[in-house]
Structure formats: C-alpha cells, structure tokens
Amino acid sequence: MARNVSTGRKIGTTALAWFVGLVIFFPILWTFLTSFKTELQAISIPPVFVGFDWTLENYQTIQTQSNYFHFMANSIYLSLGSTALGLIVAVPAAWAMAFSPTKRTKDILLWMLSTKMLPAVGVLIPVYLMFIKFGLLDSRLGLIVVLFLINLPIIVWMLYTYFKEIPGEILEAARMDGASLRKEITQVLAPMAVPGIASTVLLNVILSWNEAFWTLNLTTSNAAPLTAFIASFSSPQGNFYAKLSAASMLAIAPILIVGWFSQKQLVRGLTFGAVK
Amino acid sequence: MRGDRSGNAMATTHTKSLARAMMAPAVIVLLIWMIVPLAMTLYFSTLNYTLYNPFSTPFVGFENYSYFLTDPTFLAALANTLVLVLGVLAITVGGGILIALLLDQDFYGVNIVRLLVIAPFFVMPTVAALVWKNMMMNPVYGVIGQLLQAVGLAPIDWMTEVPLLSIVIIVAWQWLPFATLILLTALQSLSMDQKEAAEMDGAKALSIFWYITLPHMSRAITVVILIQTIFLLSIYAEILVTTQGGPGSQSTNITYLVAQQATSYGDIGAASAGGIVAVILANIVAIFLVRLIGKNLDA
Amino acid sequence: MGQIHLEKVRKTFGDVVIIPDLDLQIEDGEFVVFVGPSGCGKSTLLRLIAGLEDVTGGKIVIDGKDATTLPPAKRGLAMVFQSYALYPHMSVRKNIAFPLKMAGMDKAEIDRRVDYAAKTLNLDNYIDRRPGQLSGGQRQRVAIGRAIVREPKAFLFDEPLSNLDAALRVGMRLEISELHQRLKTTMVYVTHDQVEAMTMADKIVVLRAGNIEQVGSPLELYTAPRNTFVAGFIGSPKMNLLGGAEAAKYQAATMGVRPEHIRLSTTDGAWKGTVKVSEHLGSDTFLHVESPVHDEPLTVRAGGEFPVHAGDVVYLTPQEDKIHRFDDKGLAIKGNGRATG
C-alpha cells in the first residue's frame, strides 16, 4: 500500500472498501439504531433508518425491569477474576520458560496448547457433576476457576512470546549490577513487559466476557453473566426488538471498545504467536 | 554471609530449580484440569448412568458407544458438524483473503474500515445469534426479508427452511474478522521488494497474487483453518439461542447433541460416550495444529 | 586490585565440551583480549568469569579469593554487553545509577558518581533521555558509564563494538584504550576482530575450540606465532602459508610469509606470477598474485603506489629473515632455516 496510485483508482477502492465494511458492520449498526427506536418503529415496514424519534426508553426499561446490572456485574467479576488468577499463575511460568528454558520447555508449551483443544463437551459432565457436589453450580467462584483454566494456555503463550522478545542480556546486566531476583523481576522485567502484559489482559478479558459454553451450562441466575442474560431473550413474548437491541448494545459495547484498541495483539494471542 | 553463599551457590543451577518451581503451578492445574474430568468422562461412558437414577450405575462396557454411534441423530449431527465447519471455513477463508487484499490497498479511511470489519469478532455469541435470528433473518420484520421483498422475491423463513445454512452464516459472520485480521497481518509482512522484483521480472497483478502473495500467506491460511476448526467444532451458544438444534435434528451438531443428552435427557453415560467421540475428533485436528505451531517455535 | 586466575576451568553442555581444562592468569591492570573465530568459546569464557554461567569444573580466583560459586553481583566485576543491554524504560541517569542503587548507596553519592561519569563520557546533554533516543555510540557510552560508576575490580567487554559502524568503531576503540590508561583497571575484552585485539591489548589470548592457542603481547603474536592457526589469524591481510616444495626448501612442512614481507619486482625474483587482482589504496598497494608455487593466490603488500594491474607479470621474493616455519603438526620451528634450493 506504499506507492502512489491514481486518484481515480483510490476513490474506487475507497467506495468498495467502505461498502464491504458497512455490510459487515451492518448488523451491529442496525442493532445500535434499533435500540433507540420505539418497539413499533423497530418493526415498521419498510424499516426506518435514522428518521425516527430517538428515545432512551429501551435502555431505561432494561435497567429497571431486568436487573441488567446484576448480569453486568457478573460479567465483570468473571472476566477480571479469571484474568487476575491467570496472571498470577502464568507470569512466573512464562518468565521461567522464556528466560530459563530447558529441553522440555517446548514440549510443555505445546502440551498446554493441546489442553486448549480439548472440546468442552468432553469434560462438561464430570465438571457439571463436581459443581453440583461441591455446591459450585451457579457460583461466581466456580466459573472464575473454569474460565481461568480454559484461558490459561493462551495467557501463558502470549506472555511467553512477549517475554521472549526481551533480550536476556538485559536481565544478565541487572544480575551483574547486583539486582536480586525480586528486583530483577520488579524493576527491570516487569516495566519492560508492561505492554505485553496489558495486551494479554485485554485479550483474556475479551475471551472471558464472550465465553458462552460454560457460562450457559454452569449458571442459572445467581452467577449468570451477560451471555446468559442475552440468551434469555431467545424465546420472548410480544414486541421486543428494541429492548433486545438495547440489551445487546449494553452487553457488547464495553468489549467492542476494548477490542478495537487491542486488535494488533489479538492476532498474536489467538494464533499462539504463529502469526505476528 | 553464610546464608547468602548457600542461597546463591551455583547461581545458574539455582535459577534453573527456581524456574521449575515457578512453572509448577501452571503445569499442575492444567494437568489436573485435563486428566481428572477426562478420566471421569471415560469412566462414565462405560456406565448405565442417568440423572433419574443416579444410585444404580451398572457397568455396561461399550454399550453407550454403540448406542450413541448407531443413533441416527449422531450421524446427522456428525454430518451437520462437518457442514458447519467446512461451510464456515470456506466463507471465512475465501472472504478473508479477498477482504484482506482490499484492506491492504491505499484508500480513504482505511483505519475506520478496519474497525468496522473486525467488530463482529467482539460480539458475544448469544448476541450475534439473536440479532441475526430476529433482526436480520426474521421473515417478516428482518432486514433480509424486507430487502428480498423490495426486489420482488419471496422472503425466506431462515430458521425453519434452512436452519443449518442460517447458523453457518451467523458463525461465518463472527469469524470472518478473525480470518481477515490474520491474513491481513500476513499480507502486510510481505516485503514490497519481492513484489517489485516480480514486477521487474514482468509478472502481472494476477501472477503476482498467485505466485508471490498466496504462497506467502499459505502459513497464515493454515493457521486460520486449524484454529477456527478447533473453535467451530465446539459451536454451541449460536445453536442454543436460534434453532435449538431443530427442526428435528437438522441443525444439531456433536457438541449440542452431547450437551442435550446430559442436560435435557439426563443420560450421563451416553453423553460421556459422545464427549469422548468429540475429543477424538478434535484431537485429529489438534495433532496437525500442534505440529505446525511447534515447527515455528524456537524454544 | 583486579587479578583473575583461572585454574583448570572447564565447561561442558551435556556431552559437548565448550572449554576443556584451561589455565589463565590475568594480572592487575592488564588489558587482556580474548580473540578467536566465532564459536571458539571466548564469550563463554567471559561469561564464566562474570558468573553468568556455572563452570563444570575448575576454579576462578579473583584477587586471591575463590569466586567460583559466587553470584555475578558479588564478584565485583562490571560488564559491557554486545547489545549494550541498557534498561529501555529508564533514563540515562537511572541506567547509570542502577548498580549503585542496587548496592544501597546513598543518593548524594550516587548523584556525584553519575555526574562524574556522565561528564567523563560526554553524556551530560543526554542524561535525561531514554536509550531509545540515543545513537549507537551514545548507547555504548552509557553502557560503559554504567560499568565505571561501580568502580569494579575489572571490566568485562563482550564484543562491545560489533554493533557500531566502521568509523564509530575506530573512535570507540580509542576511547576505551584511553579509559584503560586513565583508570588502570583490569579489562577483559572479547572480540573476533584481530585488529581490535592488536590495537588495544596488553595481552592477547588466541582461542580455538575452547583451547588457548597462544598467549602473548600483540607483537609477540605477530613476530612469533606459535602455530599456523595463530599465524593465519593474527595480521591483516593474512599470512601466506605454503606447503610442498617451497616449504621443503626451508626444512619445514609449511612455510609462512606475511604480505608485507615480500619484495615485489617487475623484472626478477624468486617466484614468478601473474597479477589477478590489484587494489590501489594510495598509501598501500595490495596484489593477489597467481603463481605456480602455490595453488591459491599469494597476497603481497607494497608500500605506496606500485603501478601494475591485472594480467601483469610480477616477481616475488620473500624476505629470508621474516620467514616462519612450521612442522607437520603446524607448530612453529625455532630459528630461521636457510633455503637450500
């Protein structure tokens, strides 16, 4: 994309690219617009695009009638809790793998990756039964642990690829300069790894927020996050498009914004460093 | 100073054992997470175990497997799983390559269009499925139906007439950004020099794409196919909130079938057997993916 | 003080022997250069001294005290790395102050030392910048600054100039030599570049496959290489090494003569040859001459301009008193051995 192209061609490309972009984005845009319509306008034929009376009433209804904040709070608890737990376990592991590799490091990394490929249904039943037995069903703690475990391989991998980029010589220099292991990690490694850790956190929050197999199967109401809240709209009564739209926007908006900011790191995290 | 000496004796051997200790928690929890439930699933799959009579669970050997594997619903679900995976792969890889090529061009607002294109990836599966089911694909009020009517065609009742295709479309919409983003990243790492050298050698745009660009992207395409396959084998929420596997079993995939066996019918034995079958299917793909990624790892 | 004695130091990785038993004495205030081709173990040896790697066997004694099992920071040595290894998130000032801060020195003393180091190394103007905003040469100075503030017993340099461009390298070479003369602290310097070794060292240690091939002053290595490896490695352009009949004339398996010790003539001489390539630098002329006495072109250096070109016939005569003789094991034979032919 570096060279000069003729203006005519550039305008042509611009039109095509924007058309494709808007078609792909359309369902989200339409949901956004519908969330500000009345229920009648939402199903009017032919549909109205922007020429309607903008209203916030759907958002108010969602908030007052359906205890939206309860689910929102659960989503936040689950994604932040599982991410925090993941970092505590993964940072030391990734540090060890990146800076003190052994012959088996590669095998361990690949094995961790392979656990990510275990289909959830293969372990759903025992986990479900154990959750019943230990009273973890529909509890935040239980889900935090499950989300932590399913995303741990990705966190370790992402951190590992970021740590690998920190030159070992810098850590050796710190050692020569008399830094203890703790200071080596807190004063030299950690500040240098901040961008990598931040990206890892972002990606993991996105993945946990949108996870919809375990959250649907292991919760009913108490610990149910937004994925389950939205699923409850699947068999609705009466006119509900506008409210569904408002609820959907509330559920996806935070993560959409986070995601837009972390798109570069996303590629790396989701491909386990195979594509940078 | 004595404590100091023993603590730091053999500085690097010390670092090594410390490293092992730091790795241990991650390895141990994942090991437990993998082995314990899987072993239990394997065990349950040999029992006649239902939630209605959980106190009598006689050993039945491979009966659950023969029941599960000969159930016509299983064969339908297997076929549906394949259609779902292959259909979504075809759309996302094909579309992903085209859109990546488009976004690699120079045009006005390239960054905004990029944001528009990747947005669906951040939409949670339940939202994506419900928005498509109601607001796009509803035969009366859905945007697609109204568009078809506007050009004089009959609207389609997507969820009952073509349930599996509907799910393929919804899932493809969610994964198209992933494929595009990764292929675009690969595309942008292709050096201008190579393309210019090919141009100097007299290659036309199409030959450059075929002989230079596509081979350069081949690794990224493989990664996209393998990783998406892993996730696509486990599609669940999209089915649950749209067709619930129906009508009949027309849109049931293996994951949905197994979850249904357990949660709706309470047949733990059969569901476990199904779970093991799903694990075996996923492993076939996983072996290729792990090998591919392992090759690129310089640990 | 800064005496480093290596006694039977040995390093293996699994079955691979990187350094077989090696003895070496580095005296206080010496500038010692480890030189050798890549993979000869010179960097490993430096890292063993630094304590960044464990020795497999043997002893490292620093100033009379056994330091074999001491962690790096306790050895009182400072190191300058090839990549400079500056802390990217710290300013120049904080980089230089880091080892002092780790040592728990009080702030006023840290500031005093950092300011002094910055002044000596001309870093005053960059003191609040981050390493990313500095040029290669400036980064190198910061790395040196970080090493000198600690007032270490010895400095260790691991190929410190290899990331700099040619012009800067010459400048930094001089600066490091000046620094050594000023501080009079022991310096151990690793390089693959024999020019760096020759220009900076008090003592050169030539390494090959973990073995010391020769230890000596630059001139000793130049005038009396102990074997063909050292002979070929030290000196630029490389010494011509001839076997066969020519060597036999000197009762040797191999005879060597440096390009600058060959007399050139267009009319007569010992070896007749044809110029293949001629390089005219003005100050010197280098000729690559094909001659029946050797299957590879011989390199000859003439001072000033020598007006011959590719295809011209020239005659070469080695200076009898500058000929090196080696036996069939490649070891130097003492004495000059008259030609018998």
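Note on naming: letters A, B, ... go to the chains in the order of the sequence lines (proteins, then strands), and numbering restarts at 1 for each one.
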- Message: Less than 4.5 Å to any heavy atom of chain B: does that hold for the side chain of A:Thr215, its backbone, both, or neither?
- Response: neither
- Sort A:Phe148 into side chain, backbone, both or neither according to what part of it lies under 4.5 angstrom from a heavy atom of chain B. side chain
Is the shortest side-chain heavy-atom distance between [X] and [Y] below 4.5 Å?
X	Y	result
A:Trp111	B:Leu31	yes
A:Met112	B:Val27	yes
A:Met130	B:Met40	yes
B:Met23	A:Trp95	no
B:Trp33	A:Val127	yes
B:Ile254	A:Val121	no
B:Asn134	A:Tyr241	yes
A:Leu244	B:Leu130	yes

Within this structure, what is the [atom1]-[atom2] distance for the pair [X] and [Y], rounded to the nearest 0.5 Å?
X	Y	atom1	atom2	answer
B:Leu176	A:Ile24	CG	CD1	5.0 Å
A:Leu16	B:Ile99	CG	CD1	10.0 Å
A:Ser114	B:Asn283	OG	CG	8.0 Å
A:Thr31	B:Met135	OG1	CE	4.0 Å
A:Leu256	B:Leu115	CG	CG	8.5 Å
B:Ile112	A:Trp18	CD1	CH2	4.5 Å

- Which pairs count as ring-ring contact (aromatic ring centres under 6.0 Å, His included) when at least one residue sits in residues 219-239 of chain B, sequence neighbours excluded? A:Phe213-B:Tyr236, B:Trp175-B:Phe231, B:Tyr236-B:Tyr256
Contact summary for [X] and [Y], nearest pair of heavy atoms:
X	Y	value
B:Pro25	A:Val89	C-CG1, 4.0 Å
A:Ala96	B:Met22	CB-CB, 4.3 Å
A:Val123	B:Leu38	CG1-N, 4.0 Å

Quick check: does any side chain N or O of [X] sit under 3.5 Å from a backbone N or O of [Y], one acting as donor and the other as acceptor?
X	Y	result
A:Asn210	B:Pro125	no
B:Thr126	A:Ala231	no
B:Tyr108	A:Ile11	no
A:Ser248	B:Val127	no

- What part of B:Tyr43 gets closer than 4.5 Å to chain A, counting heavy atoms only: side chain, backbone, both or neither? neither
- Item | Per-residue contact mode, B:Leu30 against chain A (heavy atom under 4.5 angstrom) | both
